[in-house]
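Data block below; observations after.
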Amino acid sequence: MNNFPNITEILLNTFHTLINQFVEFVPRVIGCLVILVVGYLVARGVRILISQVLSRVGLDRIGDRLNEIDIIKKLKTEIKLSDVVATIFYYYILLIFLTFAADTLGVDTITNMVLSLVSFIPKLIAGAIMLQVGIMLSDALKTGVISICKSFNISAAKLIGNIVFVFFLIITFITALGQVGIETALLESSFTIIFGGAIAAFGLGYGIASRDVLANIISSFYSRKNHHIGQVIKIGDVKGVISKIDSTSVTVVSEHATTIVPLQMFQSHQVEVFNS
């Protein structure tokens, strides 16, 4: 009988241990709550201050420029950079105080988790800035490509511009993910294969479909040197005065009609030029 443990003594020791741990833990919890409250107040104050300062220095103008981009309009959202930056700082400060609070509790798992989040925030900010700059550059390239294509009377100018926009936007997105620390090797290889194949197919199909347009554009580089507005010419059965020369055709005005002649005909037909 003496070999059996004293149940009463075990219960009393366990109860005393729990009480002691509770007494030691309560001040830590109170200290943790105080740190969190102070951190919230500091983060809130810094958020308001940063938002007002950035708004006054004109940072929101960049956001207004982003809001004009088609892809942002389709998302039906409005970007206000002063609020975005202020919110990032708000949560960053909260995480710092949360680190102190977790350290006060003495729970290493929570502390390590919060520290990893704090170290992740700068990478996230860098990736977000890179993505915003990439969107603006992609839109600028899209606008430039559309303008160039329209100057050559290419009918698919908007489509080509959108392809350029998507191409550079995806590159920017992959680069931003790499900056954040996400592995992008598989994504890069998949994008290269898929987008490369799509571009090759589009280029081949569009080249075949628009070979006449391209022939006229190439012919314009040669024809502009030999012909000018006001010149009297005869090409085939058409005779008249050149009234207009664009990137794909020449407008010839005669007494009875106005004829638009494709520029490639100036390379494949004999052209007579009459002295005025």
Side-chain angles (χ1 to χ4, degrees), residues 47 50-92 119-207 209-210 213-214 217 221 247:
R47 178 181 183 177
I50 291 178
S51 179
Q52 292 179 351
V53 171
L54 294 180
S55 179
R56 290 180 180 178
V57 299
L59 184 64
D60 289 334
R61 296 174 186 173
I62 301 177
D64 294 338
R65 177 68 184 88
L66 288 172
N67 291 326
E68 295 175 0
I69 298 176
D70 292 338
I71 190 173
I72 303 298
K73 289 181 179 179
K74 291 179 181 178
L75 293 175
K76 295 182 180 180
T77 184
E78 183 177 355
I79 298 176
K80 190 175 181 181
L81 287 183
S82 60
D83 289 343
V84 172
V85 175
T87 301
I88 292 174
F89 274 96
Y90 170 78
Y91 286 109
Y92 188 69
S119 62
F120 177 73
I121 292 295
K123 298 179 181 179
L124 184 62
I125 294 174
I129 294 174
M130 186 178 297
L131 184 60
Q132 290 180 3
V133 174
I135 291 175
M136 296 179 66
L137 289 177
S138 300
D139 187 66
L141 288 172
K142 170 187 172 182
T143 303
V145 169
I146 291 176
S147 299
I148 293 173
C149 291
K150 285 184 176 179
S151 67
F152 287 107
N153 290 332
I154 297 177
S155 57
K158 189 173 182 180
L159 176 60
I160 296 174
N162 287 331
I163 291 175
V164 171
F165 175 80
V166 172
F167 176 77
F168 283 98
L169 182 61
I170 293 177
I171 290 178
T172 302
F173 181 71
I174 294 175
T175 306
L177 289 179
Q179 178 64 39
V180 171
I182 299 175
E183 181 60 40
T184 59
L186 179 61
L187 187 61
E188 290 175 2
S189 59
S190 301
F191 167 72
T192 302
I193 295 173
I194 295 173
F195 205 85
I199 288 295
F202 173 80
L204 180 61
Y206 187 78
S210 60
V213 175
L214 294 175
I217 293 174
F221 293 105
S247 58

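Worth knowing before you read on, the calculation uses all heavy atoms, side chains too, and leaves out hydrogens, waters and symmetry mates.
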*asked:* With rounding to the nearest 0.5 angstrom, report the CD1 to CG distance, I146 to N162.
replied: 6.0 Å
*If you round to the nearest 0.5 Å, how far is OG of S138 from CG of L169?*
5.0 Å
*Looking at A86 and R47, what are the two nearest heavy atoms and their distance?*
CB-O, 3.4 Å
*OG/S82 to CZ/R56 distance, rounded to the nearest 0.5 angstrom?*
11.5 Å
*From I135 CD1 over to L131 CG, what is the distance, rounded to the nearest 0.5 angstrom?*
4.5 Å
*Return yes when atom CZ of F173 has more than 12 non-hydrogen atoms of other residues, nucleotides or ligands closer than 6.0 Å, and no otherwise.*
no
*Enter the distance from F168:CZ to L141:CG here, rounded to the nearest 0.5 Å.*
5.5 Å
*Would you give the length of the straight line joining atom CG of L177 to atom OG1 of T172, rounded to the nearest 0.5 angstrom?*
11.0 Å
